Every structure is written in C-alpha cells, then in structure tokens.
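Have a look at the structure below, then the notes.
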Amino acid sequence: MTKVGYPGVRDAKAAFEALRDYRDALIKMQIKCRPTSADYLVLLAAKQALDTAAFHFTRNPAFFSGEPHG
C-alpha cells in the first residue's frame, strides 16, 4: 500500500495575510447593507468563516485584529 502525503498549508500566517484585503472588502460591503438583512448576514457568514479558518490554521484567535496571541 502506498502512503499518500498531504502538504496542507505550509505557511498559514502568510496565506491568511494574503486574504486580509478580502476580509476588509467583506466588511466594507457589509457596512453598506441594512443590519440583519439577508445581504448583511451572508457577508457576515463569509467573514466569520474566514476568521474561523484563520484560527484553525494559525491558532491565533485574534489573527485579523492584529492583537497579540497570549
């Protein structure tokens, strides 16, 4: 049997730094929407998914806020 290796995300911090502008764009779009509207909520879901993924790979719960992880 052949063992298959999966490289995964090698440099998670750099990968999610590259997505910082995308996250900022989601927030800017969200600001233009009425709170609790479907548009607002779907943009919120996208932002939260990105935040969750960043935490999963970097283990820094405040990755996008710039706060140090203690």
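Bear in mind the structure is a predicted one, so any value in this text is a computation, not a measurement.
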If Ile, Leu, Val, Met, Phe, Trp and Tyr residues are connected whenever their side-chain heavy atoms lie under 4.5 Å apart, and connections chain through other members, are [X] and [Y] in the same group?
X: Leu19; Y: Ile27; value: no
X: Leu50; Y: Leu44; value: no
X: Phe57; Y: Phe64; value: yes

Problem set entry | From CA spacing to verdict: salt bridge (Lys or Arg N to Asp or Glu O under 4.0 Å), Asp24, Lys28 | CA-CA 6 Å; Asp24 291 343; Lys28 287 176 185 173; over 6 Å; no

For this session: Quick one: do Arg23 and Asp51 satisfy salt bridge (Lys or Arg N to Asp or Glu O under 4.0 Å)? Show the steps, please.
Result: CA-CA 9 Å; Arg23 185 178 184 276; Asp51 292 346; 2.6 Å; yes

Side-chain atoms of residues 9-18: list all donor-acceptor pairs with protein atoms under 3.5 Å, sequence neighbours left out, distances to 0.1 Å.
from, atom 1, to, atom 2, distance (Å)
Asp11, OD1, Ala14, N, 3.3
Glu17, OE1, Arg20, NE, 3.1
Glu17, OE2, Arg20, NH2, 2.9

For this session: First locate atom CG of Leu41, then atom CZ of Arg34, and finally report the distance between them rounded to the nearest 0.5 Å.
Result: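 Here the rounded value is 9.5 Å.
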
Exercise. Please, which pairs that meet ring pair (Phe, Tyr, Trp, His ring centres under 6.0 Å) have at least one residue in residues 22-47, sequence neighbours excluded?
Worked result: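 Of all non-adjacent pairs touching residues 22-47, none passes ring pair (Phe, Tyr, Trp, His ring centres under 6.0 Å).
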
